[in-house]
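Inspection log for the structure reproduced underneath, given as structure tokens.
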Amino acid sequence: MMSEESKKGESLPPGPHFVASPPPSTGTPRNAPYILCVTGKMAAGKNFICSGLEKQGFVSVDLDELAHEAISFCTPQILSAFEEEAKKRSLSLLNDDGSVNRRALAQIVFSGRAFLSKQESIVYPKIIELTNQFIEKNKEKSVILNATVLFKTPELLKKCEKIIFVTANPLKRFFRARKRDHLPIKQILARFKNQKKLLAEYKNAARSFNIPIEIIKN
């Protein structure tokens with residue numbers, strides 16, 4: 001059965017102990033390695049939760065960072081897919097060093113679902129490959145997959161024994177995003193809009209894979 005609880009992450013020093021052991025329904029021994037998904041909307045505080053779990057012995061991988069690595073591997077495909085649109089917007093998809101200009105790419109892919117889907121079809125297979133390599137490398141440890149849209153890669157989500165969904169007040173998230181990422185307001189709001197149904201997507205995925213989901217207010 002899917003369980004759902006709500007707790008305040010900020011009131012749990014020194015870390016979120018309530019997710020330190022596997023959910024009883026999995027049958028996994030307390031000290032055995034297992035995999036958690038930590039997710040949530042932009043600037044909700046996923047890294048805060050992950051850092052608390054790392055103090056308890058977990059290792060985590062940020063799939064946003066793996067996406068950056070995947071984009072580097074897939075540069076030729078990305079240029080082929082988005083160069084025409086970039087020219088229409090007077091954007092340069094390449095930095096001076098030949099790497100993909102991720103901010104310019106983001107302006108395109110977060111402006112419409114078709115563009116986002118096109119990018120995902122290019123980079124997701126590589127992200128899955130890199131994530132599986134990380135899990136295999138750390139197979140003796142408990143692993144956190146820190147990812148915003150892990151439900152879009154069911155090959156990875158079904159490996160998880162629990163989903164931790166981190167949430168926060170939208171205004172707080174907005175100011176965090178501005179301070180952290182220095183993105184234009186329009187771009188932040190576009191990302192917020194794209195993530196509007198994120199919790200619903202995870203609840204549906206949790207039901208499909210019979211994974212418990214816990215909501216943490218941060």
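Starting from 1, each residue takes its place in the sequence as its number.
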Side chains of [X] and [Y] in contact at under 4.5 Å (non-hydrogen atoms):
{"X": "Pro170", "Y": "Phe174", "value": "no"}
{"X": "Ile135", "Y": "Lys159", "value": "yes"}
{"X": "Val38", "Y": "Leu53", "value": "yes"}
{"X": "Pro33", "Y": "Lys141", "value": "no"}
{"X": "Ile144", "Y": "Ile49", "value": "no"}
{"X": "Gln107", "Y": "Glu85", "value": "no"}
{"X": "Ile78", "Y": "Ile122", "value": "yes"}
{"X": "Ile108", "Y": "Arg89", "value": "yes"}

Between [X] and [Y], what is the shortest heavy-atom contact and its length?
{"X": "Arg176", "Y": "Ala168", "answer": "NH1-CB, 3.8 Å"}
{"X": "Ala86", "Y": "Leu93", "answer": "CB-CG, 3.6 Å"}
{"X": "Phe134", "Y": "Val143", "answer": "CE2-CG1, 3.8 Å"}
{"X": "Ala206", "Y": "Ile163", "answer": "CB-CD1, 4.1 Å"}

Quick one: salt bridge (Lys or Arg N to Asp or Glu O under 4.0 Å) partners of [X], sequence neighbours excluded?
{"X": "Lys126", "answer": "Glu129"}
{"X": "Glu83", "answer": "none"}
{"X": "Glu136", "answer": "Lys139"}

For a quick test of your reading: what N or O donor-acceptor pairs under 3.5 Å do the side chains of residues 186-199 make, sequence neighbours left out?
{"residue": "Asn194", "atom": "ND2", "partner": "Ala190", "partner atom": "O", "Å": "3.4"}
{"residue": "Gln195", "atom": "OE1", "partner": "Met42", "partner atom": "N", "Å": "2.6"}

| message | Given the ring of Phe82, does Lys118 sit roughly above its face, with NZ or CZ under 6.0 Å from the centre of the six-membered ring and within 45° of the axis? | response |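 Judged by the rule (NZ or CZ under 6.0 Å from the ring centre, within 45° of its axis), Lys118 counts as positioned above Phe82.
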
Same hydrophobic cluster for [X] and [Y], using side-chain heavy-atom links shorter than 4.5 Å among ILVMFWY?
{"X": "Leu63", "Y": "Phe209", "result": "yes"}
{"X": "Val100", "Y": "Phe115", "result": "yes"}
{"X": "Leu183", "Y": "Val109", "result": "no"}
{"X": "Ile215", "Y": "Leu157", "result": "yes"}
{"X": "Leu116", "Y": "Leu79", "result": "yes"}

I need the [X] [atom1] to [Y] [atom2] distance, nearest 0.5 Å.
{"X": "Thr39", "Y": "Leu145", "atom1": "OG1", "atom2": "CG", "result": "10.5 Å"}
{"X": "Ile211", "Y": "Lys203", "atom1": "CD1", "atom2": "NZ", "result": "15.5 Å"}
{"X": "Glu155", "Y": "Ile127", "atom1": "CD", "atom2": "CD1", "result": "11.5 Å"}
{"X": "Lys162", "Y": "Ile35", "atom1": "NZ", "atom2": "CD1", "result": "15.5 Å"}
{"X": "Cys74", "Y": "Gln119", "atom1": "SG", "atom2": "CD", "result": "9.5 Å"}
{"X": "Asn47", "Y": "Arg180", "atom1": "CG", "atom2": "CZ", "result": "7.0 Å"}

| field | Pairing residues for Phe151 by the ring pair (Phe, Tyr, Trp, His ring centres under 6.0 Å) criterion, not counting sequence neighbours | value |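 Phe151 satisfies ring pair (Phe, Tyr, Trp, His ring centres under 6.0 Å) with Tyr202 once adjacent residues are dropped.
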
| field | Stepwise side chain to side chain contact (heavy atoms under 4.5 Å, CB included) check, Leu105 with Asn101 | value | CA-CA 6 Å; Leu105 180 62; Asn101 183 337; over 6 Å; no

Closer than 3.5 angstrom, by distance alone: can the side chain of [X] be matched with the main-chain N or O of [Y] as a donor-acceptor pair?
{"X": "Asn95", "Y": "Asp97", "value": "no"}
{"X": "Ser142", "Y": "Phe58", "value": "no"}
{"X": "Asn218", "Y": "Ala44", "value": "yes"}

| query | Side chains of Thr167 and Arg173: donor-acceptor distance under 3.5 Å anywhere? | reply |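 Arg173 and Thr167 do not have a side-chain donor-acceptor pair below 3.5 Å.
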
| task | Identify, with sequence neighbours excluded, every residue that meets side-chain hydrogen bond (donor to acceptor under 3.5 Å, both in side chains) alongside Asn169. | result |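 Partners of Asn169 by the side-chain hydrogen bond (donor to acceptor under 3.5 Å, both in side chains) criterion come out as none, since no residue qualifies.
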
